[in-house]
Amino acid sequence: QVQLVESGGGLVQPGGSLRLSCAASGNIFSIENMGWYRQAPGKQREVVAEITRTVTTNYADSVKGRFTISRDNAKNTVYLQMNSLKPEDTAVYYCKADIRYYSSSPTFRHWGQGTQVTVSS
């Protein structure tokens with residue numbers, strides 16, 4: 001059993017900052033790719049940022065230069081630092097982790113429960 005628990009969402013004014021965290025626990029041998037996705041009302045879920053185990057990162061064009069993804073492998077945790085937030089960043093943010101249960105297993109994708117980020121004055 002694996003759980004991903006997110007925290008750090010909330011209400012912030014335009015131009016403000018938030019830091020999201022997502023901690024994975026349970027039957028984990030290793031975590032390969034981790035990432036953050038978001039889904040705004042009436043829209044499809046979209047990738048925000050991803051990070052590999054070797055810390056290669058990839059960002060959506062809409063957040064480049066404003067958001068930073070990082071991870072702590074010892075804590076099985078991924079972070080998303082969001083600066084210069086805009087109203088269009090308002091969405092439910094979900095973390096994703098591709099997890100190996102043992103050394104030779106394939107990876108299995110797990111999702112967090114989502115955390116609301118609202119950017120409004």
| said: Enumerate the salt bridge (charged side-chain N to carboxylate O under 4.0 Å, His left out) contacts for residues 106-121, please, sequence neighbours excluded, ordered by first and then second residue. | reply: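 Residue pairs passing salt bridge (charged side-chain N to carboxylate O under 4.0 Å, His left out), neighbours aside: D98-R109.
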
As an exercise, state the distance from [atom1] of [X] to [atom2] of [Y], rounded to the nearest 0.5 Å.
X	Y	atom1	atom2	answer
N58	T52	CG	OG1	10.0 Å
R66	S17	CZ	OG	10.5 Å
R71	T57	CZ	OG1	12.0 Å

| query | Is there a path from L20 to V92 through hydrophobic residues (I, L, V, M, F, W, Y) whose side chains come within less than 4.5 Å of each other? | reply |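 Per the 4.5 Å side-chain linkage, L20 and V92 are not co-clustered.
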
| field | Shared hydrophobic cluster for Y37 and V117 (ILVMFWY, side-chain gaps under 4.5 Å) | value |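 Different hydrophobic clusters.
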
What closest approach, in Å, do [X] and [Y] show between heavy atoms, and which atom pair accounts for it?
X	Y	answer
H110	V2	CE1-CB, 3.7 Å
L18	G8	CD2-O, 3.8 Å
E6	G114	OE1-N, 2.6 Å
C95	V78	CB-CG1, 4.4 Å
P14	S121	CD-N, 3.7 Å

| field | Exercise: do S30 and E32 side chains pair donor with acceptor under 3.5 Å | value |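 There is such a pair (donor and acceptor under 3.5 Å, judged by atom type) between the side chains of S30 and E32.
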
| request: Decide whether T118 and S120 meet the rule of one side-chain donor and one side-chain acceptor closer than 3.5 Å. | output: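 Side chains of T118 and S120: no pair found under 3.5 Å.
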
| field | Backbone of Y101 reached by a side-chain donor or acceptor of S105 within 3.5 Å | value |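 Yes, because the side chain of S105 sits within donor-acceptor range (under 3.5 Å) of the backbone of Y101.
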
Do [X] and [Y] make a side-chain contact, defined as non-hydrogen atoms from C-beta onward lying under 4.5 Å apart?
X	Y	value
T77	M34	no
I31	N73	no
L85	F67	yes
Y79	D72	yes
Q116	T90	yes
M82	V12	no
F29	I99	no

Give the table of side-chain donor-acceptor pairs shorter than 3.5 Å for residues 38-49, with sequence neighbours excluded, one pair per line with atom names and distance.
from	atom 1	to	atom 2	distance (Å)
R38	NE	E46	OE2	2.8
R38	NH1	D89	OD1	3.0
R38	NH1	Y93	OH	2.9
R38	NH2	E46	OE2	3.3
R38	NH2	S62	OG	3.4
Q39	NE2	K43	O	3.1

| message | Quick check on Q3: does its CD atom have over 12 non-hydrogen neighbours (other residues, nucleotides or ligands) under 6.0 Å away? | response |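 Open: at most 12 neighbouring heavy atoms sit under 6.0 Å from CD of Q3.
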
| message | Does Y94 form a side-chain contact (heavy atoms from CB on, under 4.5 Å) with L4? I'd like the steps, not just the answer. | response | CA-CA 10 Å; Y94 298 89; L4 271 61; over 6 Å; no

